[in-house]
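Every chain is numbered from 1, with letters handed out A, B, ... down the list of sequences.
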Amino acid sequence: MLKISADRLNDLFNRIASEQTLYIPVDREPNTAEYRKYEDGMKLSESLNTVRSAKDFFFPQTENLAEFKVEGKNIEIKDIREESGDFVVFGVRACDARSFSILDKVFLSEPVDSFYKNRREHGTIITMACTRPSETCFCTAFGIDPTAPEGDVAVFADGENYFFLDRTEKGKKFIESVADMLEDGDTSKLEEVKEKTREIMKKLPLAGLGTDSFGGDKLNELFNSPKWAELSESCLGCGTCTFVCPTCQCYDIRDFNTGNGIRRFRCWDSCMYSDFTKMAHGNPRLSQLERFRQRFMHKLVYFPANNDGEFGCVGCGRCLSRCPVSLNIVKVMKTLEVKE
Amino acid sequence: MNKNLKDWIDITSGVNVRKCMRCGKCTATCPSYNEMEYHPHQFVYMVERGEIEPLINSESLYKCLTCFVCVERCPRNVEPAKVVEAVRLAAVRRQGKNHLSAEQIPPALDDDMPQQAIVTAFRKYTK
Amino acid sequence: MQRIGVFVCHCGTNIAATVDVKAVAEALGHEAGVVISQDYQYMCSESGQNLVKNAIKEHKLTGVVVCSCSPRMHENTFRKAAASAGLNPYLVEIANIREQCSWIHKDIASATEKAIILGRAAIAKVHLNTPLTSMESPVVKRALVIGGGIAGIQTALDIAEAGFEVDIVEKEPTIGGKMAQIDKTFPTLDCAACILTPKMVEASQNEKITIHSFSEVSDVKGFVGNFTVTIKKKARYVDETKCTGCGLCTEKCPMKKVPNEFNMGLDNRRAVYIPFAQAVPKVATIDPNYCMMLKNGKCGVCSKVCSAGAIDYKQTDRFVEQKYGAIVVATGFNPIKLDKYDEFAYSYCPDVVTSLELERLMNAAGPNGGTLLRPSDKTHPHTIVFVQCVGSRCDDGKGKQYCSKICCMYTAKHAMLIREKYPDTEVYVFYIDVRTPGKNFDEFYRRAVEQYNVHYIKGMVGKVSPKADGKIDVQASDLLAGEQLHINADMVVLAAAIEPDKTARPLATMLTTQMDTNDFFTEAHPKLRPVESATAGIFLSGACQGPKDIPETVAQASAAAAKAIGLLCKNSITCNPCVAHSDELMCNGCSACEKVCPYGAITYQDKEFRMPNRTTAVRRVASVNPAVCQGCGACTVACPSGAMDLNGFSNSQIMAEVDAICK
Amino acid sequence: MQVNENFKPVIVAFCCNWCSYAGADLSGTNRLNYPANVKIIRVPCSCRVNPMFILRAFQKGADGVIICGCHPGDCHYTSGNYFTRRRITLLYSMLDFLGIERKRTRLEWVSAAEGAKFASVMEQFVSDVQKLGPNRRLEDLRCRKQ
Amino acid sequence: MQEAMIKRAVQLLADGTVNRVMGWKRGEFVYDITPAVFTTAEELEKDFVCDDFTQANLSKYLVKESRKEGKILAFLKPCDTYSFNQLVKEHRIIRENVYVIGIPGGPKLDIEKIKAKGITGILSVENENYTLKIETIYGTETMPFSEAVSGKCSGCKSKKHVAYDELIGDDGEVLDSNRFDMVAKLENMTSQERFDFWRGELSKCIRCNACRNVCPACTCENCVFDNPKSGIDQKAAADSFEEKMFHIIRAFHVAGRCTDCGECSRVCPQNIPLHLLNRKFIKDINELYGEYQAGADTTSRAPLNNYNADDCEPSVVHERGVE
């Protein structure tokens, strides 16, 4: 497999950055990373997950859709879409990589979301195998192997070298473009690192999380479970869990009067908000219990029902660490689990 | 009516002569009223009408003791003393009008006159 | 869909001169919702208003925007016009393109552009106007007159004449004010007391009028038609009901050395006193700063001699609360303090007096019984010099910028009286201009000059210096003769400027009326509404509104009374419909609004609300009493959730205006 | 920082109906002039001005916002301007804390008799904002005029 | 401490003074604390926890809870009691439906501070006389207790309970903390530096509303930002201006009512120091209108609903500090 030595990694970054924009996770504070546009001298973050997931590059928090100008009686519509430039997102973990396949199912199925498609085509995702999973990780529960991430190009690190394995057409093209900086290397040490990571995964507190009592067909018994009241009583109804989640894909479309025309834009929406899906007759889910239930039912029941069993959650653990009152999907799954 | 001379005096004196309501209080309180050919209120009115020439050539220009009682008492904040000073400067700017020749000084000296007075007089009244 | 009519006024050339009204009308025609946009010469004229009425009927307008002068001028005119055409008056908006656009900009392009923007802002606001109906609030049929001078008395008499209850609050022990101190009045020279005391007696005997003498207004709450006033009746240590005014106590009181303010301190009075013989109410008053009994408990002569047993040393300030429909301010004037004018030696020469002091010196009830004597050595003055405009017409920071209007006339009166009574006395009057505007005024002044040959000299007095021999050297300029005069005078009379009474400023704060920089009350409109203040229900009578003489004061007093009667005769008045209202669904019941409301118009109640899933909950919500609310809007900002909004100036309306302006 | 001449600041003025609006009218009747960039919005009392309006003005492209009210003690509603004074003091302190130029906002007491003062305050405020240049720190890019 | 609380709670449940207890219960991990309502003694014994990680301020929940049937027992730390008083003053909490037991505050730990040391895979945290022994899947780590103290507690303003029916442990007093130092430091920067600082901080905001929904002063039935009729409703910051607008308006709405409990900065997923905005208002109010601590009592008027005639002029703010 092709590899590059650790100390020449930054040269590779400079090379990529010269051709297209490159985003890599950088430590904002020790142990909390965020994606930043690569500038020379930036150090790749060791820590695990960024607070905001890589979803932001493909489905940004706010995006302009169209602009209207009203002159007296006639309306003039301006198309303000522009072709996205090529960009590379480096250092995506296995769980985030899986989130793209979930988002693709939503945005790229008929009717295709042209904004998302435009960015998806121009973006190359370079994933990285995990070596130090944290206690909040439970990606194995959803069949994700942290040591073998998907994405366009998979990168494996064994301490001194970074091995590159292309997984898709776009990945192959990427590797060819930087082939001159890579050379062949033996992957013996890699196996040993992978084995160590799998060992750690088994020792994680959330390792044994089962998803068999969830899925498309479990709707009735879960929906009417009395436990939702106790589960959702302390939920504040803020949008943190939905805005840090890599697979949340709900958005709201709004108009803004800029003084010289109306700009229509879409922005993330959270099912936890009181005015989520507020329609002419009002809001279908009026109490926090219903909204709380809607969120986890969508992840664990509705999404699998519509997407042949694939769960809406990738086990990245962000909602576990970011919820102000520590309510999360793991607590829901453990409470609602039907044990034989 | 010498237009730019009047403007020049307005600027240097910084006084708006049009504020005068001709109440005569400055003239009433002026201690050297009798020696003056043009009394303070006339002074201001002539400057307002632009008749600067007679003022420059008149003796009373130098009779003003600049005791500033007219400035103190004027109800409209017109400062006649400053107008007098401005006209004096106009006179001083005129070349050839030498009001104090060197010979006049020794007889005018008296021992308790401060040396500074001589210097300023000499600077002011000679060209 | 809104159907808006835009009318742009030329206002003759006032607007049309610097604003291209045709371009404005044309530009505003394209705004959304505008169905008709035209300009006209005089929108406020009869035909202008008909233009609006016809347009409303013809185009079935739902909103009218008039780009014209300030809404404070003709908002009501256009509202009435719209109402008569069937459109709710509060669907009319005014864009001020005169006072705030055409009059203050010279460049036509920028003025026109600004007028268009102001027009757009008014259109944006009218889109969101809601039809409002004004509420009725009851009128208390009782008036309050603050100040018992001739102005207050005349106003009270006229209001009582119309059959309404009136209270007069006078801070001195007796009503009468400055006029009681005056000897004769110009131009007819009739004696001030003779024409004033009958009115004072009439006021005291009129059962509709109650007089609160020796009292002050301490607090005013409420609004037009519904004022609640607290009157502080200062302790006079004499029971008004018992005292017959016999004056025995005033003779027996041992404390003689009290400077008599009524005679401007020229002579002394006793600690217990009646200001002057014809005082109304004729009741003694004890001066707590001098009475030995009140200060250190030793004496009590007055209570011993008083046959009626009216003296009561334990009396304290009493507070009376009363409701009124209208309030008339008649606080009058005072001469200014002359201590800053050292050039006139007023503060260190007793023979230099002000005109009011001269009035007392010449008055029969004055310090020396009516014969004019020099205060210093009580000798007959042979030469008197009058100095005009002392402290008036000067902006040197010490005096007042305005002309005090009455000095020229009363000085001519004094000169004439002195010359008539003491022909041997020479009278000089130094003046800047003699101003005698009025009926028989100039003839009066010419009589003083021609018949009584008073020496009127044009020129100001520069310096007054008392000499060792008791005479006073007056150094002045004679501008016409062009000389500097030195007059050897026995007395100098200064015509001091007059300023509003010191109690006017705190009173204005209580009444929330406006005042100008000289502390005179600001009238609603200098030419068209001189006797009303901008605050509804508060009227101005006499010198509190500006310097004026007795004829004008009485005229204004009756005008103010007429205005007050106009208000009191209504059973209820329509009040401002632009009041606040709270949206119950969004109200948190946190009572932030209740705390900022200056009128206490907000109350709370627990109401039941339908909550999700067919449950109900009781919530504490605010409700605004539209009759009490005056529409200031403080609550709308104190309310975090925006539940509280204001009719006529709602959040969305103001934001729409902001958007239109910043477009 | 050079000040380009053709920058015409947009100034929004909130004037209270009883005092400063009357003062503005008086400066009009006296034909005093002040720059045309100032547009006046009439509010019943200065206490009606909500910080939302001020931020909205800046968002929509204003370069300066000035609030005029009655002199403390003169308020037609007795205590309206006292509340304004506290609210606006805190708001301006916060805007300054966030780094917004101080001269973009101002509160001025103008009575109905002070027409001259109104004109000179507006003149001075517009020149201050002119020196500061366009509002870049508190603007909404979408509303920037092309 | 926890046992004493459970014992007292069970006692009160038994004798019927209260029919439910508001406290905390553990989530998945040792540092994972969720506020919860317990109705039976067994639940209390099983799940109730009160240790170094129970930072959450329970006062806001009492707004809804105090409107339900029966009386609820609430364990409140000293800083929570200030929020409680403020909500009682604004009639948001019905005082007689809540039985308050004051528990000692004591510095609480913040897991973010531990993670910031690079420690991951945390399984358990024990506190042995002020050094923390942290079990992780990658071995055990130790760190001094003081370094893991939460931001809320490092600037603690008072250990005094201002509202309680009963006390467990003794009552502390008001401390003079240096909580305004950072605000003063910012004030002394130039306006460009301040602007860059806040643009850096506020641009991280993802408008998740956690700060608003956790804040005990923000209890509007229908928030201005959610109500389309308000004119400033916004769901996401589509422009840097809207970030500033949201935080300025929120700080203004809680000005004079914010008790500086620090919850907003604790819950912010992007660690934006939001408490600095509220502290700026508190510092200004203290300097300009006299010392005022929101929630110290239930009767005083909030500074912004109050005035006195000789308040300073707004220009004062423009003259002090650095341009």
Contacts under 3.5 angstrom, residues 118-128 of chain C side chains, donor-acceptor by atom type, not counting sequence neighbours:
{"unit_1": "C:Arg120", "atom_1": "NE", "unit_2": "C:Glu31", "atom_2": "OE2", "d": "2.9"}
{"unit_1": "C:Lys125", "atom_1": "NZ", "unit_2": "C:Gly648", "atom_2": "O", "d": "3.3"}
{"unit_1": "C:His127", "atom_1": "NE2", "unit_2": "C:Ala32", "atom_2": "O", "d": "3.1"}

- Message: Only pairs of heavy atoms separated by less than 4.5 Å count here; which of D:Cys45, D:Cys143, D:Ser46 has the most with chain C?
- Response: D:Cys45

- If you count heavy-atom pairs under 4.5 Å between each of D:Ala24, D:Gly61, D:Ala36 and chain C, which one has the most? D:Ala36

- Answer with side chain, backbone, both or neither: which region of C:Gln514 has an atom nearer than 4.5 Å to a non-hydrogen atom of chain D? side chain

- Message: Once rounded to the nearest 0.5 Å, what's the spacing between atom OG1 of D:Thr29 and atom CD of C:Glu99?
- Response: 6.5 Å

- Task: Would you mind reporting whether D:Pro51 and C:Val637 have side-chain heavy atoms less than 4.5 Å apart?
- Result: yes

- Message: Need one label for C:Ala111: side chain, backbone, both or neither, based on atoms under 4.5 Å from any heavy atom in chain D.
- Response: neither

- Item | Between CG on residue D:Leu26 and OG1 on residue C:Thr522, distance to nearest 0.5 Å | 10.0 Å

- Top of D:Ala57, D:Ser111, D:Ala112 for chain C proximity - count of heavy-atom pairs under 4.5 angstrom: D:Ala57

- Message: Out of D:Arg48, D:Lys39, D:Glu114, D:His71, return the one with the most heavy atom pairs under 4.5 angstrom to chain C.
- Response: D:Arg48

- Message: Looking at every non-hydrogen atom in both residues, tell me the closest pair between C:Lys595 and D:Phe83 and how far apart they are.
- Response: O-CZ, 4.4 Å

- Message: Which heavy atom of D:Phe14 sits nearest to which heavy atom of C:Val658, and what is that distance?
- Response: CZ-CG2, 3.8 Å

- Query: Taking side chain as C-beta onward, heavy atoms only, is C:Cys662 less than 4.5 Å from D:Phe58?
  - Reply: no

- Message: Between C:Ile661 and D:Ile41, is the side-chain contact (heavy atoms from CB on, under 4.5 Å) condition met? List the steps.
- Response: CA-CA 9 Å; C:Ile661 283 176; D:Ile41 294 179; 3.5 Å; yes

- Query: So does D:Arg42 pair up with C:Glu75, basic N to acidic O under 4.0 Å?
  - Reply: yes

- Message: For C:Arg98, which atoms come within 4.5 Å of any heavy atom of chain D: side chain, backbone, both, or neither?
- Response: neither

- Task: For each of C:Ala638, C:Gly631, C:Pro71, C:Ser102, tally heavy-atom pairs with chain D at distances under 4.5 Å, and name the one with the top tally.
- Result: C:Pro71

- Task: Can you measure from OG1 (D:Thr78) to NZ (C:Lys221) and round to the nearest 0.5 angstrom?
- Result: 7.5 Å

- Query: In terms of heavy-atom pairs under 4.5 Å, which option from D:Asp74, D:Val43, D:Thr84 contacts chain C the most?
  - Reply: D:Asp74

- Task: Could you check if a side-chain atom of C:Met73 sits within less than 4.5 angstrom of a side-chain atom of D:Asp25, using non-hydrogen atoms only?
- Result: no

- Item | Part of D:Val65 lying under 4.5 Å from any heavy atom of chain C | neither

- Message: Taking the side chain as everything from C-beta on, heavy atoms only, tell me whether D:Ile40 gets closer than 4.5 Å to C:Asn96.
- Response: no

- Task: Flag the one option from D:Gly28, D:Cys19, D:Gly80, D:Ser27 with the top tally of heavy-atom pairs under 4.5 Å to chain C.
- Result: D:Gly28

- In terms of heavy-atom proximity below 4.5 Å to chain C, should D:Ala22 be classed as side chain, backbone, both, or neither? both

- Query: Side-chain donor-acceptor pair under 3.5 Å between D:Arg56 and C:Asn651, yes or no?
  - Reply: no

- Message: Do D:Cys47 and C:Cys632 make a side-chain contact, defined as non-hydrogen atoms from C-beta onward lying under 4.5 Å apart?
- Response: yes

- So which heavy atom on C:Thr509 is nearest to which on D:Gly73, and how close? CG2-O, 3.3 Å

- Looking only at non-hydrogen atoms, find the nearest pair between C:Tyr599 and D:His76 and report the distance. OH-O, 3.6 Å

- Item | Close side-chain approach of D:Asn17 to C:Arg72, heavy-atom, < 4.5 Å | yes

- Between D:Leu32 and C:Ile104, which heavy-atom pair has the shortest distance, and what is it? O-CG2, 3.0 Å

- Message: Rounded to the nearest 0.5 Å, what separates atom CD in C:Gln100 from atom OH in D:Tyr21?
- Response: 4.0 Å

- Message: So, taking the atom named CD1 in C:Ile654 and the one named CG in D:Asn50, what distance separates them when rounded to the nearest 0.5 Å?
- Response: 8.5 Å

- Item | C:Thr512 side chain near D:Tyr77 side chain, heavy-atom distance below 4.5 Å | no

- pair D:Lys60-C:Lys663: side-chain heavy atoms closer than 4.5 Å: no

